[in-house]
There are 2 protein chains.
Amino acid sequence: MLQDAVTEAIGAAMFEELAAVGYGKLTVEAVAKRAGAGKAAVYRRWPSKQAMVIDLVTRVATTTADAPDTGTLRGDVLEFLSAGAKALTHPLMSRIVPDLLAEGSRNPEVAAILLEQVGGTRRKKAAAILHRAIQRGELPVDTDLELGLDFLAGPLYWRVGILRDPMDPERLNHLADKVVAAIAAPISNVEVPSRP
Amino acid sequence: MLQDAVTEAIGAAMFEELAAVGYGKLTVEAVAKRAGAGKAAVYRRWPSKQAMVIDLVTRVATTTADAPDTGTLRGDVLEFLSAGAKALTHPLMSRIVPDLLAEGSRNPEVAAILLEQVGGTRRKKAAAILHRAIQRGELPVDTDLELGLDFLAGPLYWRVGILRDPMDPERLNHLADKVVAAIAAPISNVEVPSRP
DNA sequence: CCGAGTCGAGACGCAACCGTTCCGTCTCGT
DNA sequence: ACGAGACGGAACGGTTGCGTCTCGACTCGG
């Protein structure tokens, strides 16, 4: 994936530093030192700290793959949640992901990478799961896909990514049940009160 | 709430800086300058940047109050989600909250404040909603409260806090329907595959 | 076997920020 | 009216990180 040993060492060091101190306090000096490299080796590859982060994050983000088709919505959802839980439990990822998401709120270039590369990949997989379920007849054709995607990502990210509570297989099974119920839940016809 | 005009100005400036540059790059100099105050005025009140942030965050966190009892689970949930959406839509909060949550993963003192003060307040309200629903008979007595809390917080935080998508009242209504469905959803008896 | 290019290491000037200290001013309570 | 104390502002020496640059050592293609 990475061209040579030095680039790989710098990449690994950058992610470790990113997890240790966060994007805001990330320094090129610390990355180089951790990689056992000189600062020149870094600047020979990227013009700035931000370019380095964006490039390396993009590489690992686009690496993820695989799309499960277990034959049932619940099976697909469980597979999707398990993969997400595993990723978010990774000691480096669990610190880096929330940090970059927060940085994205004030750094447009970082936000673009996260939404287009990282988010886009997972989003496509999630959308495919819902589409398959609709074609199977497991979900009504007018299912709200946007809300469905929120339920595929939100509760898991909240518990594992934010509260840092581990997710054992049993709990994942229960979560999958409830996520499926939420996605399949019909919408009540409630008048939205207008506020003059 | 705040003792005097200077302290209030420093507090406001700190939250603005926090939203602008994040916790990692927050500097006492910038806060003082934005507040139109000298650095000494800050150090006369708090011994360090971290103490300042923790103290000020604690103050605004413990300020929030009110617990709705609309008579139905769905009404309570909608009220809870609306309050959360409003808070997360606030231009300062929407940047500060994700940033502090990320910082909490590597700063135990910050994490403690967020969990005990901020999270604790909202958590109590959410737990009260579920308990009331159980007493009304709207939920079974063996409802999984932990998972329920995840659904009350996760999807909303994901969409509004992370993706920064606004939540109009109609969407909030739909979200409330699905959150209630998830909380009320029964758990299937699936054997958890053991991995030897 | 030799020169081009990269390597780790680190010094460079510059800028920012740390926490402290000292101004001269202004606002109180007495 | 006066003194205590907090005020905004600025400067202090020290530390850190920036991005550039130079060094001698190494590797490798020709």
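In what follows, chains are A, B, ... by sequence order, proteins preceding strands, each numbered from 1. This one's a predicted model, so the numbers in the text were calculated from it and none came from an experiment. Values below: all heavy atoms of this structure, side chains included; hydrogens, waters and symmetry mates excluded.
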Next item on the list: Using atom CD of A/Gln50 as one end and atom P of D/dG19 as the other, report the distance to the nearest whole Å.
Entry: 11 Å

Next item on the list: Could you tell me the separation between the CD atom of B/Glu17 and the P atom of C/dA16, rounded to a whole number of Å?
Entry: 14 Å

Next item on the list: To the nearest Å, give me how far apart CH2 (B/Trp46) and C1' (C/dT20) are.
Entry: 18 Å

Check: What heavy-atom pair brings A/Ile162 and B/Tyr157 nearest, and what distance separates the two atoms?
Finding: CD1-CE2, 4.1 Å

Check: Is a salt bridge present between A/Asp4 and A/Arg45, judged by a nitrogen-to-oxygen distance below 4.0 Å?
Finding: yes

Next item on the list: For B/Lys39 and for B/Ala35, find the nucleotide of DNA chain D with the closest heavy atom, then tell me which residue's nucleotide is more 5'.
Entry: B/Ala35

Item checked: hydrophobic_cluster_shared for A/Leu145 and A/Ile187, side chain cutoff 4.5 Å -> no

Check: To the nearest angstrom, how far is B/Lys25 atom NZ from D/dT16 atom C1'?
Finding: 12 Å

Note to self: Tell me whether A/Asp99 is salt-bridged to B/Arg106, with the criterion being a basic N under 4.0 Å from an acidic carboxylate O.
What the structure shows: yes

Item checked: Exam field: side chain B/Lys49 to backbone B/Val28, donor-acceptor pair closer than 3.5 Å -> no

Checklist line | Nearest-nucleotide comparison on DNA chain C, the residue closer to the 5′ end among A/Glu29 and B/Lys49 | finding: A/Glu29

Check: Between D/dG9 atom P and B/Tyr43 atom OH, what is the distance in whole Å?
Finding: 17 Å

Within the sub-3.5 Å range, which N or O atoms of nucleotides 4-7 of chain D have a protein N or O partner, and how far apart are they?
| residue | atom | partner | partner atom | Å |
| --- | --- | --- | --- | --- |
| D/dC7 | OP1 | B/Arg45 | NH2 | 2.6 |
| D/dC7 | OP2 | B/Arg44 | NH1 | 2.3 |
| D/dC7 | OP2 | B/Arg45 | NH1 | 3.4 |

Next item on the list: Mind running salt bridge (charged side-chain N to carboxylate O under 4.0 Å, His left out) on A/Glu146 and B/Arg159 for me, showing each step along the way?
Entry: CA-CA 9 Å; A/Glu146 287 300 314; B/Arg159 173 150 296 273; 3.0 Å; yes

